[in-house]
Amino acid sequence: MERESMQYDVVVVGGGPSGLAAAIRLKQLAAKAGRELSVCVIEKGSEVGAHILSGAVFEPRSLDELIPDWQSKGAPLDTPAKEDRFLFLTAGRAIGMPTPRVLHNAGNYIISLGNLCRWLGQQAEAAGVEIYAGFAGAEVLYDEAGRVKGVATGNMGVGKDGKPTENFTPGVELHGRYTLFAEGCRGSLTKTLVERFGLRDGVDPQTYGIGIKELWEIDPAKHRPGLITHSVGWPLDRGTYGGSFLYHFDKNLVSVGFVIGLDYRNPHLSPFDEFQRFKTHPAIRPVFEGGRRIAYGARAINEGGFQSIPKLVFPGGALIGCAAGLVNVPKIKGSHTAMKSGMLAAEAVMAALGRGEGAELDDYPDRLEASWIWPELKAVRNVRPAFHWGLWAGLAYSGLSLFLLRGREPWTLHHKPDHASLLPAKSTPEIAYPKPDGAISFDKPSSVYLSNTNHAENQPVHLVLRDPTVAIRVNLEIYDAPEQRYCPAGVYEIVEAAGAGPRLQINAQNCVHCKTCDIKDPTQNINWVVPEGGGGPNYSNM
Ligand SMILES: Cc1cc2nc3c(=O)[nH]c(=O)nc-3n(C[C@H](O)[C@H](O)[C@H](O)COP(=O)(O)OP(=O)(O)OC[C@H]3O[C@@H](n4cnc5c(N)ncnc54)[C@H](O)[C@@H]3O)c2cc1C
Ligand code: SF4
């Protein structure tokens, strides 16, 4: 069936901070130049913000530049950061440590990034941007010369068997003179662009962490709006990178989460269970006693930093935000750089339009290099890779690099791809996780329930195994099926039918779109593709 097409000047794929900042800036620049400019944003979540999961401590620098009067326009930045704490945890103790300078948050705000995106979406629409939520970019479109000419949204109403049902509606082609990819960390279309245009040639592999988060309403007597606590150490072993965040924001709410580097080596490790165990620490448990868990979710975060930034432009478009991997890892912040990169790409689009039809966005990387993003990311480039030597060496090196050398080392440390780091299950210790108590720690099904995840039942599985036999032959036999543990939503299960041997069951309807399986599968056999638009988690206040 023929797909309808719609023509825009700029198509933005992804309604997160980067995509929305790009769209708003485009409209601002067009208004200033007195010209018409059509901009659309597509978002795979059921609404803008539905798939956004972040900490979040927000550095308002880019927002100040984009919408200087955000305060009077009601931006949801209501809890100024008041106090930073940094803890080293052992099984029984919490030892206060000096907070690294990069984690000083004076001037920042504790927010729900999802709510900020909802507000940015309103600002974008007020400026004339067309936003289509519930539409996932499923395919990149190219013209005869191989230039990106837009994206197609996925077909709706395709059955489990891949055949059209009576509700079939073909996807729509969105053609743009320029297409900006703002899919965030490990974007599924971005991945195909990286491959097709060799965007990672000559740079380090991108590396990642998995962030698992809960939102709690706690006893008002224990609530300290503006308090920001980070921890390292227990329950992780010294060779595994990771730590917790705990942010008190408004209305007695606390965001608590745990990030674990996906370069971990022990296939028995379960990031979900490490997080649950963390909350039972004697210094942490009291915060949540008497409280109520109200939301749950998970999302991968880029950790490659400066040396992993790919080539950012290709014929017809550019990568922005976490699709480009612009997270400042020791700061644990990427929304300010995401927004700024979107704004810079918008400026490059306007400049290219001025140069005539078909001009490329070649000066976007130059603009990025000339902006504050570049020195900020360059200065911290060696911190994350130093943790490949373990926690103590990593902390010692980061202290030296951040406090003394300030990133001026004449060398750059490098990364290896996360999927290559697992050791065979036989050579690593098993980990016995305590049973959840149902008060502070929980199991996966009750957690996924709180993510409000919903996928139409009758649709093709969006977690595609390149070779289905690998799931048993390699994953189970060598690594004891690690996807059963690293998936924070219980999507993957090894089941045994009598006499039929083990097989991998994929409960795709539970997927919270964190992208961890696409990253961590040891042979890269799992390919995450977009499900039917609108499917996935429905996060509020995350
Ligand atoms: C656990 C955790 C804690 C964090 N804490 C902080 C913090 O405290 N402070 C901070 O500044 N940063 C933090 N970050 C990082 C921050 O969230 C990201 O840097 C930021 O969200 C990146 O913005 P983005 O627009 O590039 O991508 P995203 O925010 O990921 O947005 C991408 C959007 O695109 C949509 N999308 C993806 N693919 C498609 C498609 N094919 N079609 C249509 N739509 C699509 C997604 O649904 C999503 O809405 C944290 C991240 C995590 C995971
Ligand atoms: S299936 Fe993959 S993307 Fe979905 S929740 Fe599990 S690990 Fe994350």
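First listed ligand is number 1; within each ligand, the first listed atom is number 1. Note that this is a predicted model, so its numbers are computed, not measured.
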Under 4.0 Å, counting heavy atoms only: does [X] come that close to any atom of ligand 1?
X	answer
K213	no
G257	no
A136	yes

Closest protein heavy atom to [atom], given as residue, atom name and distance to 0.1 Å:
atom	result
atom 3 (S) of ligand 2	K515 N, 3.1 Å
atom 2 (Fe) of ligand 2	C517 SG, 2.3 Å
atom 8 (Fe) of ligand 2	C514 SG, 2.4 Å

(message) If the cut-off is 2.8 Å, does any N/O/S atom of C511 fall short of it from atom 6 (Fe) of ligand 2?
(response) no
(message) To the nearest 0.5 Å, what is the distance between OG on S188 and NE2 on H513?
(response) 9.5 Å
(request) May I ask whether Y492 places a heavy atom under 4.0 Å from ligand 2? (result) yes
(request) Would you check if atom 2 (Fe) of ligand 2 lies under 2.8 Å from any N, O or S atom of C487? (result) no
(message) With heavy-atom distances below 4.0 Å as the criterion, list the atoms of ligand 1 near S18.
(response) 24 (P), 25 (O), 26 (O)
(request) Look at R224 together with E83 and state whether they make a salt bridge at an N to O cut-off of under 4.0 Å. (result) yes
(message) Between E195 and R200 (salt bridge meaning N to carboxylate O under 4.0 Å), is one present in this structure?
(response) no
(message) Regarding ligand 1, does I52 bring an N or O atom to under 3.5 Å of one of the ligand's N or O atoms?
(response) no
(request) Could you say whether the N/O atoms of P17 and ligand 1 ever approach to under 3.5 Å? (result) yes
(request) Tell me which one of D518, V512, I519 gets a heavy atom nearest to atom 5 (S) of ligand 2. (result) V512
(request) Look only at the side chain of S441 and the backbone of Q276, and say whether a donor-acceptor pair between them is shorter than 3.5 Å. (result) no
